[in-house]
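What follows is one structure encoded as C-alpha cells, with my remarks underneath.
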Protein chains: 2
Amino acid sequence: MSDAGADKGHPAEAGDVFKALADPTRRKILDELAERDGQTLFEICSRLTMKHQLGSSRQAISQHLEVLIKADLVASRRAGRYKFHHLNTEPLERLTDRWRNREAKES
Amino acid sequence: MSDAGADKGHPAEAGDVFKALADPTRRKILDELAERDGQTLFEICSRLTMKHQLGSSRQAISQHLEVLIKADLVASRRAGRYKFHHLNTEPLERLTDRWRNREAKES
DNA sequence: TTGATAGGCAAGTAACTGCTTGCCTATCAT
DNA sequence: ATGATAGGCAAGCAGTTACTTGCCTATCAA
C-alpha cells in the first residue's frame with residue numbers, strides 16, 4: 001500500500017486507462033518499461049529511437065508519460081536530477097472482465 | 001459475401017482494439033451487447049438512450065459499430081432488413097498479457 | 001562559478017475523431 | 001404500388017490529440 005505516484009487527486013478511472021493504451025507510442029513505452037523497468041525520460045527516448053526507429057522528441061515522450069501516469073500505468077520517482085519511471089500493471093488486471101464476465105460497472 | 005463481419009481485408013490489429021475501447025460510448029455499446037446479445041442498430045440506440053441518458057443519434061451509434069466491427073469486437077449478421085450485432089470477446093482474451101508477462105509482440 | 005545534463009512549462013499547429021446533416025437504398029406490410 | 005421501417009453513404013463542423021518550438025528551472029561535475 002505504499003503506492004508511488006498513484007493518487008494525484010483523481011483516482012484514475014478505467015476510461016483513462018483505455019485512452020492511454022489507445023496510442024501506439026504509449027504502448028511501446030510500456031513495452032520498453034516492461035523490458036527494463038525504472039528508466040529515465042532520456043533513456044526511454046534513446047532506446048525507443050534505436051529499437052523502433054521512433055523519431056519521437058523528448059517532449060513528446062514526456063507528454064506521453066504524463067498520460068500514462070494519470071492512468072496509473074506508470075509511477076515516477078525523483079532522485080536528484082533523475083526521474084525514474086516504473087511500470088504498474090495493476091490497472092490492467094481485470095480491465096476487460098466486464099465484458100467477459102457479463103457484468104458492467106463504470107464508464 | 002457470407003462472412004459475419006469479422007474479416008474484411010485486414011486482420012484486425014491489436015491497435016484497433018485499443019482504439020475501439022478508448023471511447024466511452026463504444027464501451028457502453030459493448031456493455032449493452034454483453035447484457036443482451038444480437039441487437040439491431042435501432043435496439044441499441046433506444047436502449048442506450050433509455051438506460052444511460054445517452055442522446056446518441058442512429059448515425060453516431062452506426063459509426064461506433066463500424067469501429068467495433070473493424071476491431072473484431074462485434075460481428076454483424078444480416079437478416080432481411082434487420083442487421084443483428086453480436087459481441088465477440090475473443091480479441092480481449094490476452095490483450096494486456098504483453099505487459100503482464102513481460103513479453104512484447106506487436107504495436 | 002561555469003557549463004553540461006535532466007527535465008518542466010506553455011503556446012501554437014496540424015491531424016484526427018465524434019457527431020451532425022441530408023439524402024439515398026433495401027426490405028416488408030398493406 | 002405505396003408507405004413505413006431498418007439501415008447506408010458522404011460531406012462538413014467542432015472538439016480533441018499528438019507533436020513541435022522556444023524558453024525556463026534544477027541538479028551535478030569541473
Side-chain angles (χ1 to χ4, degrees), chain A residues 4-5 8 13 15-30 32-33 38-49 52-71 73-86 107, chain B residues 1 3-5 8 13 15-30 32-33 38-49 52-71 73-86 107:
Chain A
K8 304 166 308 304
E13 303 169 21
D16 295 334
V17 181
F18 286 116
K19 290 190 82 173
L21 294 175
D23 186 86
T25 303
R26 283 196 289 267
R27 290 196 298 273
K28 286 208 180 77
I29 292 176
L30 293 182
E32 192 46 49
L33 288 179
Q39 294 188 58
T40 68
L41 172 58
F42 274 79
E43 279 182 286
I44 298 173
C45 270
S46 57
R47 296 193 52 156
L48 238 51
T49 307
H52 303 282
Q53 238 72 355
L54 260 187
S56 302
S57 68
R58 176 183 61 89
Q59 292 84 348
I61 302 295
S62 177
Q63 285 161 6
H64 280 307
L65 283 172
E66 270 187 62
V67 177
L68 291 170
I69 288 172
K70 271 177 189 157
L73 285 165
V74 166
S76 64
R77 153 180 69 93
R78 263 275 184 192
R81 59 175 160 173
Y82 299 104
K83 190 178 179 185
F84 300 102
H85 298 86
H86 298 269
S107 65
Chain B
M1 293 73 172
D3 72 301
K8 301 165 310 306
E13 304 168 21
D16 294 333
V17 181
F18 286 115
K19 290 189 82 173
L21 293 176
D23 186 85
T25 304
R26 283 196 287 269
R27 290 196 297 274
K28 286 209 181 76
I29 292 176
L30 293 182
E32 192 46 49
L33 288 178
Q39 294 188 58
T40 68
L41 172 59
F42 275 79
E43 279 181 288
I44 298 172
C45 271
S46 56
R47 295 194 53 157
L48 238 53
T49 306
H52 303 282
Q53 240 71 356
L54 260 187
S56 302
S57 68
R58 176 183 59 88
Q59 291 83 349
I61 302 296
S62 177
Q63 285 162 7
H64 281 306
L65 282 171
E66 270 186 65
V67 177
L68 291 170
I69 288 172
K70 270 176 188 156
L73 285 166
V74 165
S76 63
R77 152 180 71 92
R78 264 277 183 186
R81 60 176 158 172
Y82 299 104
K83 190 176 179 187
F84 301 103
H85 297 86
H86 298 269
S107 64

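When reading the values below, keep in mind they use all heavy atoms of this one structure, side chains included, and skip hydrogens, waters and symmetry mates. Note on naming: letters A, B, ... go to the chains in the order of the sequence lines (proteins, then strands), and numbering restarts at 1 for each one.
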**OP:** Grab the CD-P distance between B:E43 and D:dA6 for me, whole Å please.
**Re:** 9 Å

Original post:
Which whole-number value in Å describes the distance from A:R77 CZ to C:dG7 C1'?
Top reply: 16 Å

**OP:** Indicate, yes or no, whether a donor-acceptor pair under 3.5 Å links the base of C:dG18 to the side chain of B:R26.
**Re:** no

**OP:** Mind calculating the distance between CD (B:Q59) and C1' (C:dC24) to the nearest angstrom?
**Re:** 12 Å

Original post:
So, for A:A22 and B:A22, which heavy atoms are closest and what is the spacing to 0.1 Å?
Top reply: CB-CB, 3.7 Å

Original post:
To the side chain of A:S62, which of D:dG7, C:dT20, C:dG8 is closest?
Top reply: C:dG8

Original post:
When you match A:E66 and A:Y82 each to their closest nucleotide on DNA chain C, which lands nearer the 5' end?
Top reply: A:Y82

**OP:** Report the distance from atom CZ of B:R58 to atom P of D:dG8, rounded to the nearest whole Å.
**Re:** 8 Å

Original post:
Is any N or O donor-acceptor pair between the side chain of A:Q63 and the base of D:dT20 shorter than 3.5 Å?
Top reply: yes

**OP:** May I ask you to evaluate whether B:H64 reaches the phosphate of C:dT17, defined as a side-chain N or O under 4.0 Å from OP1 or OP2?
**Re:** no

Original post:
Taking CD1 from A:I61 and P from C:dA6, how many angstroms apart are they, rounded to a whole number?
Top reply: 16 Å

**OP:** Search all heavy atoms of B:S76 against all heavy atoms of B:H85 and return the closest pair with its distance.
**Re:** CB-CD2, 3.9 Å

Original post:
Taking only side-chain nitrogens and oxygens of A:S57, does any of them come within less than 4.0 Å of OP1 or OP2 of D:dC19?
Top reply: no

Original post:
Minimum heavy-atom separation for B:S56 to B:T25, with atom names?
Top reply: OG-CG2, 4.2 Å

Original post:
From C:dG8, C:dC19, D:dG7, pick the nucleotide closest to the side chain of A:L41?
Top reply: C:dG8

**OP:** Just compare D:dA6, C:dG8, D:dG8 and give me whichever is closest to any side-chain atom of A:R78.
**Re:** C:dG8

Subject >> Integer-rounded Å distance: D:dC19 P and A:I29 CD1 >> reply: 9 Å

Original post:
Going through the distances and angles, do A:R58 and A:L41 end up as a side-chain contact (heavy atoms from CB on, under 4.5 Å)?
Top reply: CA-CA 7 Å; A:R58 176 183 61 89; A:L41 172 58; 3.7 Å; yes

Subject >> Contact nearer the 5' end of DNA chain D, comparing A:D23 with A:R81 >> reply: A:D23

**OP:** Please state how far atom CD1 in A:I44 lies from atom P in C:dA6, giving the value in whole angstrom units.
**Re:** 13 Å

Original post:
Over how many whole Å does the gap from A:K70 atom NZ to D:dT16 atom C1' extend?
Top reply: 14 Å

Original post:
Under 4.0 Å between a side-chain N or O of A:K19 and OP1 or OP2 of D:dT17?
Top reply: yes

**OP:** Hey, could you give me the CD1/OG distance between B:I44 and B:S62, rounded to the nearest 0.5 Å?
**Re:** 10.0 Å

Subject >> D:dG8 OP1/OP2 closer than 4.0 Å to side-chain N/O of B:K83 >> reply: yes

